[in-house]
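Encoded as structure tokens, the structure appears first; notes follow it.
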Amino acid sequence: MASPDREIKDSNNMPQYNPHAIEEKWQQFWLKNKVFASVADPTSPKFYVLDMFPYPSGEGLHVGHPEGYTASDIVARYKRACGFSVMHPMGWDAFGLPAEQYAIKTDTHPAATTRKNVSRFRSQLQALGFSYDWEREINTTDPEYYRWTQWIFLQLFDTWFDESSGHGRPIAELAAEFASGRRAVPGCTQSWHELDARHQREILAGFRLAYQADVAVNWCPGLGTVLANEEVIDGKSEVGGFPVERRPMRQWMLRITAYSRRLLDGLDTLEWSESLKMMQRNWIGRSEGALVHFQITGRTEILDVFTTRPDTLYGVSYMVLAPEHPLVNVDEKNCIIPPTWPEHTPAGWKYAGAPESPALSVQAYQKWVAGRSERQRQEDTSKTGVFTGAYAINPVNQQRIAIFVSDYVLMGYGTGAIMAVPAHDRRDFDFARKFGLPMERVVSARSDLPEAGELPFEETGYAVHSPWINGLATEQAIPVMIQQVEERRFGLGRTHYKIRDWLFSRQRYWGEPFPLVHLEDGTTVPLAPEELPLRLPDLVDFKPTGTMDPPLSKAVDWAKVWVLLEGPPATAVARVVPPGTPGAMPARRELNTMPQWAGSCWYYLRYLDPRNPTAFCQPETERYWMKQPPGVDLYIGGVEHAVLHLLYSRFWHKVLFDRGYVSSQEPFRKLVNQGLILGEAEYTAFSTSTGDLVSWSEVAPELSTRTGADGRPEIVSRHKSTGELLVGRAPAPATIEKRGSQYVLKSRPDIEVDARSYKMSKSRGNVINPDDVIAKYGADSLRLFEMFMGPLEQVKPWSTAGVEGVYRFLHRLWRNVFGTEEENQPRVVVKDGSTWRLLAGGALTAEQARKAQAAADELVRPMHRLVRKVTQDIERLSFNTAISTMMEFNNMLTRLEVVPREAVLTLVRLLEPFAPHVAEEIYQHLSGTASVESLSRVPWPTYDDALCVEARWEIPVQINGKVSGRVSVPADAAEDHVLQSVLADAQIQEKLAGRNPRKKIYVKGRMVSLVV
RNA sequence: GCCCGGGUGGUGGAAUGGCAGACACUCAGGACUUAAAAUCCUGUGACCAGAAAUGGUCGUGCGGGUUCGACUCCCGCCCCGGGCACCA
């Protein structure tokens, strides 16, 4: 391996630590020599360290990015040194809304802005010295990449979910089951062979994992697109915060619900944080209970409800349908609403504005509900509703119960209908109170009292007034009731999942086109794999149309194609041919594009074989990196992807697994979320409306933020005792000083100011740019500080003073090697045989040689401890404590006059994953020759546990739990011996004052405890 | 409301049953310097006593418990951060 030119040094010209000179040199060296190329070496174990690849925005990198990337880089470099074949790649997630919004804003083509942003991001990342294998760089917008995104989509399109095996299977196998008669053709009395191709394709379309459906979508006018449920927060778009409306549209959906159970159960096998798993569990939302059928009086329709508390069936006193429920759609044949009100219908059960008939009442109510926004519906939980005029029969006791419509029942959950048990559900209770409905207790808090526990009693207890289950505790009553329900055939045990199918199309330009065509017969046929990639047409005008039509509707010529179908008619694929080709039929392309998440669903697989033109990844390569241990070994990224990217890619991975393309059940075995980095601590001084200053201790703790008249942020609160409105503003830092433990105004030392950290944001002006930090302190210091701030997963505030601290550490290390200016010569010494000499050449005096030997002897045990601690800390991702340990060791070297080479060598080897440039530079110097291998190729040092402890221990002695002295004992001393010498100790004797310890405890190496 | 995570000096944090506050930041004092910066050394949880070395008391959100010994384990509460939420 070639080596960069060594700087010329001699004893009269000691170099200062200059991060810029050495960092650029080593970055070029690593890149030029492909030092970090990943090789699938079958003779060594693999380790896959993955970063969530960034969105190359126009803003450039912020300090949050290097946090996770440094952590993963440390692990990657460490694992390489331990002999693993390491995969550590980087790429760009460049399709999607933010890139397109930015392109529209700056009026440039998204391809151009993406190219520019990517090169900026790449050079910023390279300036941080990350050990990525840049040969594997990928970009989701590259047609050679998205051809495989499209290919995987075709696999989803080609897959149906076989409930009996719980796995996805090729659609051709389903067609074969229909053809052979092993499976009945749904909704159809004819046999498969009697159906024409169009009919067959339509039936198969209903089974595919990728399908089209008319659904009420989240339409976001502000963005001009629909959004997935996961992208809507509190009725607003996650990107941009625009309002979102419900609208029916025909859209592509992915059948993620088929995988609910496996997505949920798979979480148990993963080393993810409990909170992250919980978020996914909540999102998937498993609940167990029963589906119960209710007869509707005088009609044939059955009203199905899902309940998690079938044990309360005897307490059902009415039913409620969601306003959107099909059984109360007056335009439908099966509408259950009778033409007139039943006798004795209370006036309050009718809609006040339209009491004439049940249909008019329900319609008026539905109209009123439709006019309410998601927000209003969520915030106002007071109960509204109308009686439908229809009744159902409670199957357990044949009681006639009224059916209502109310918006407290959601169409999107369960069956869109509920059985109401007002005695044991707060919501039903409120509704029953308002509408004067009966209430019957069926659960008691105590087994010995039938009426224990205040209503509504929502907890578990003991069944009462319920003939089949009386006396049973809720936990037993539920399964018994389910058994009863099933035996009597009015219901089934059922597990319900909250998760909905994934809405997979977007009315945007900057995304992957769907690789399929729509035929004139109304069916949709996938493109043949050879047709991929289907390139995004190069539109000049890519802006939203202003209607619900996607931008690709402007690509008129692109969308119109002629195709030939190949293969069996039911599962035919399309080839695009020139117009007029014999047998060709006209077709049109899909105008929607895939959502941002498509490309990131599988990118970790493309890294493994990034330039393969014939497969998304060669199978042997995939097996090497993903099979043993299964999946990515460490995945680091932000928690904001908890239910989006991380759920979607798990789903795709499971489909690919079922289809035999990947060898692990889960893509990401271990995952860590780095904590948010907040801005530097800020001060806030509070004053009243008349300008009187108020001390922080007088300010009530409830704070809210607003933008002040001058455009700067203000904090609003109230006076703790007077309740007066107070406004907080940031005083100039120079006007603040510290008085004792408080920060106060210099001009008014009696006025305390608040000090805290806020999230970095452009509007607050507290954003730290990594480029600036590197310019001032170098990449090594930035890397070190980001890791030194605190535990990786924790939220923590930025501190420029803190960067100075690690910067000083590197300076001290440098001086320990190259000497201080006063010394004017390197301090490192080497032992040749039995003679110590200066590393740079030159003999030592007898006194210096003696000191060198003493230092070497003294450092043996600390060095072993150092290696052990740093090794263990990297293994548990406790980087801040690893750095502390290296600082301590370095401080130890600082006190020495001469420094044995062995000690520095060990230290820089351990430091290399954290601060690779300075470590490489020092290593090159220590090796004493210009042509050395990269330090990253030097194996990780080992340690000996026996040498990690001192030969003698200073052990504290407690008497009644209080430290009363200490004794020195040999490390290998037996308990008896230690206790003996403790009792013999003069100081202990004195403290004992003749009392006889009734209990003596020796914790080896830690503590002696005497109890008197 | 439900579910997670967390509360330790002026600040970031360390210690996961065994000497609380490692390592840093900040601040103060000293050395070097004509001076400053940089660097090096010393001190820096609070309170009390002492001229000082030093000694004592308290101290890990609050209250209880287990233990020879608790930041650490258990029970109850308070506060902060995050997620979900009329989810049947």
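All values below were derived from every heavy atom in this structure, side-chain atoms included, with hydrogens, water molecules and symmetry-related copies excluded. So you know, we letter chains A, B, ... as the sequences are listed, proteins then strands, and number each from 1.
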- Output all residues satisfying salt bridge (Lys or Arg N to Asp or Glu O under 4.0 Å) with A/Asp501, sequence neighbours left out; order by chain, then residue number.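 Applying salt bridge (Lys or Arg N to Asp or Glu O under 4.0 Å) to A/Asp501 gives none.
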Nearest-Å distance once atom [atom1] is located in both [N] and [M]:
N: B/G21; M: B/U60; atom1: P; value: 14 Å
N: B/A22; M: B/G12; atom1: P; value: 15 Å
N: B/C3; M: B/A85; atom1: C1'; value: 11 Å
N: B/U16; M: B/A51; atom1: C1'; value: 44 Å
N: B/C4; M: B/U57; atom1: P; value: 42 Å

- Query: When you check the phosphate oxygens OP1 and OP2 of B/G13, does a side-chain N or O of A/Gln794 lie under 4.0 Å from one of them?
  - Reply: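 A/Gln794 to B/G13 OP1/OP2: side-chain N or O found under 4.0 Å.
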- Phosphate oxygens OP1/OP2 of B/C40: is one of them under 4.0 Å from a side-chain N or O of A/Arg815?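 So the side chain of A/Arg815 is within the cut-off, an N or O lying under 4.0 Å from OP1 or OP2 of B/C40.
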- Query: Under 6.0 Å from the six-membered ring centre of A/Tyr408 and within 45° of its axis: does the NZ or CZ of A/Lys383 meet both?
  - Reply: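 Flagged: A/Lys383 positioned over aromatic ring of A/Tyr408.
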Pick out the pairs of N or O atoms, protein on one side and nucleotides 57-59 of chain B on the other, that lie under 3.5 Å.
residue, atom, partner, partner atom, Å
B/U57, OP1, A/Lys962, NZ, 3.0

- Message: If you count every heavy atom of other residues, nucleotides or ligands that lies below 6.0 Å from A/Lys759 atom NZ, does the total exceed 12?
- Response: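 No, NZ of A/Lys759 has 12 or fewer neighbouring heavy atoms, counting only those of other groups under 6.0 Å.
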Would you tabulate the pairs of protein nitrogen or oxygen atoms and nucleotide nitrogen or oxygen atoms of nucleotides 70-77 of chain B closer than 3.5 angstrom?
none

- Message: Checking contacts here: which listed nucleotide (B/G18, B/G12, B/C19) is nearest the side-chain heavy atoms of A/Ser1009?
- Response: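 Given the options B/G18, B/G12, B/C19, the side chain of A/Ser1009 is closest to B/G18.
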- Message: Protein within reach of the bases, or only the backbone? For nucleotides 43-49 of chain B, mark each nucleotide 5' to 3' as B, S or -, using heavy atoms under 4.0 Å.
- Response: -------
- How does each nucleotide of nucleotides 82-88 of chain B score, in 5' to 3' order, for protein heavy atoms under 4.0 Å: base (B), sugar-phosphate only (S), or none (-)? -SS-BBB
Please report, to 0.1 Å, the donor-acceptor pairs under 3.5 Å made by any side chain of residues 997-1008 of chain A, with sequence neighbours excluded.
residue, atom, partner, partner atom, Å
A/Tyr1002, OH, A/Gly1005, N, 3.3

- Query: Of all the base pairs, Watson-Crick or G-U under 3.5 Å, which form stems of three or more consecutive pairs involving RNA chain B?
  - Reply: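 RNA chain B stems, ordered by first number: B:1-7 with B:78-84, B:10-12 with B:23-25, B:27-31 with B:39-43, B:45-49 with B:54-58, B:61-65 with B:73-77.
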- Message: Using a distance-only criterion (donor-acceptor N/O pair, under 3.5 Å, no hydrogens), is the base of B/G5 paired with the side chain of A/Glu274?
- Response: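 Under the 3.5 Å cut-off, the side chain and the base do not form any donor-acceptor pair.
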- Message: Suppose we call a contact any N or O donor and acceptor under 3.5 Å apart; does that hold for the side chain of A/Arg966 and the base of B/C19?
- Response: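 In this structure, the two groups form a donor-acceptor pair.
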- Is the A/Phe914-A/Phe788 ring centre distance short of 6.0 angstrom?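 A/Phe914 vs A/Phe788: aromatic centres not under 6.0 Å.
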- Task: List for me each residue that meets ring pair (Phe, Tyr, Trp, His ring centres under 6.0 Å) alongside A/Trp272, sequence neighbours excluded, and say none if there are none.
- Result: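 Applying ring pair (Phe, Tyr, Trp, His ring centres under 6.0 Å) to A/Trp272 gives none.
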- With A/His325 via ring pair (Phe, Tyr, Trp, His ring centres under 6.0 Å) - residues at least two apart: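 With neighbours one apart ignored, the set is empty.
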- For residues A/Ser260 and A/Thr257, is any side-chain donor paired with an opposing acceptor at under 3.5 Å?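 No, no side-chain donor-acceptor pair sits under 3.5 Å.
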Polar atom pairs between nucleotides 22-25 of chain B and protein, under 3.5 Å, N or O only, would you list them?
residue, atom, partner, partner atom, Å
B/A22, O2', A/Glu888, OE1, 3.4
B/A22, N1, A/Ser884, OG, 3.4
B/A24, OP1, A/Asn891, ND2, 2.7
B/C25, OP1, A/Arg808, NE, 3.0
B/C25, OP1, A/Arg808, NH2, 2.6

- Query: What does A/Pro791 touch in the nucleic acid at a heavy-atom separation under 4.0 angstrom: a base, only the sugar-phosphate, or nothing?
  - Reply: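 Sugar-phosphate, no base atom in range.
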- Name the nucleic acid region contacted by A/Arg876, choosing base, sugar-phosphate or nothing; use a 4.0 angstrom heavy-atom cut-off, strictly under.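 The answer is sugar-phosphate, as A/Arg876 gets under 4.0 Å only of primed atoms, P, OP1 or OP2.
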I'd like a table of donor-acceptor pairs (distance under 3.5 Å, sequence neighbours excluded) in which one partner is a side-chain atom from residues 803-812 of chain A, with atom names and distances.
residue, atom, partner, partner atom, Å
A/Glu804, OE2, A/Tyr777, OH, 2.9
A/Tyr807, OH, A/His811, NE2, 3.4

- Between P of B/C40 and CZ of A/Phe809, the distance in whole Å: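 For the pair A/Phe809 CZ and B/C40 P, the rounded distance is 13 Å.
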- Task: Can you tell me which residue pairs pass the salt bridge (charged side-chain N to carboxylate O under 4.0 Å, His left out) test with a partner in residues 412-426 of chain A, sequence neighbours excluded?
- Result: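 Counting only pairs at least two positions apart or across chains, the salt bridge (charged side-chain N to carboxylate O under 4.0 Å, His left out) contacts touching residues 412-426 of chain A are A/Asp425-A/Arg427, A/Arg426-A/Asp430.
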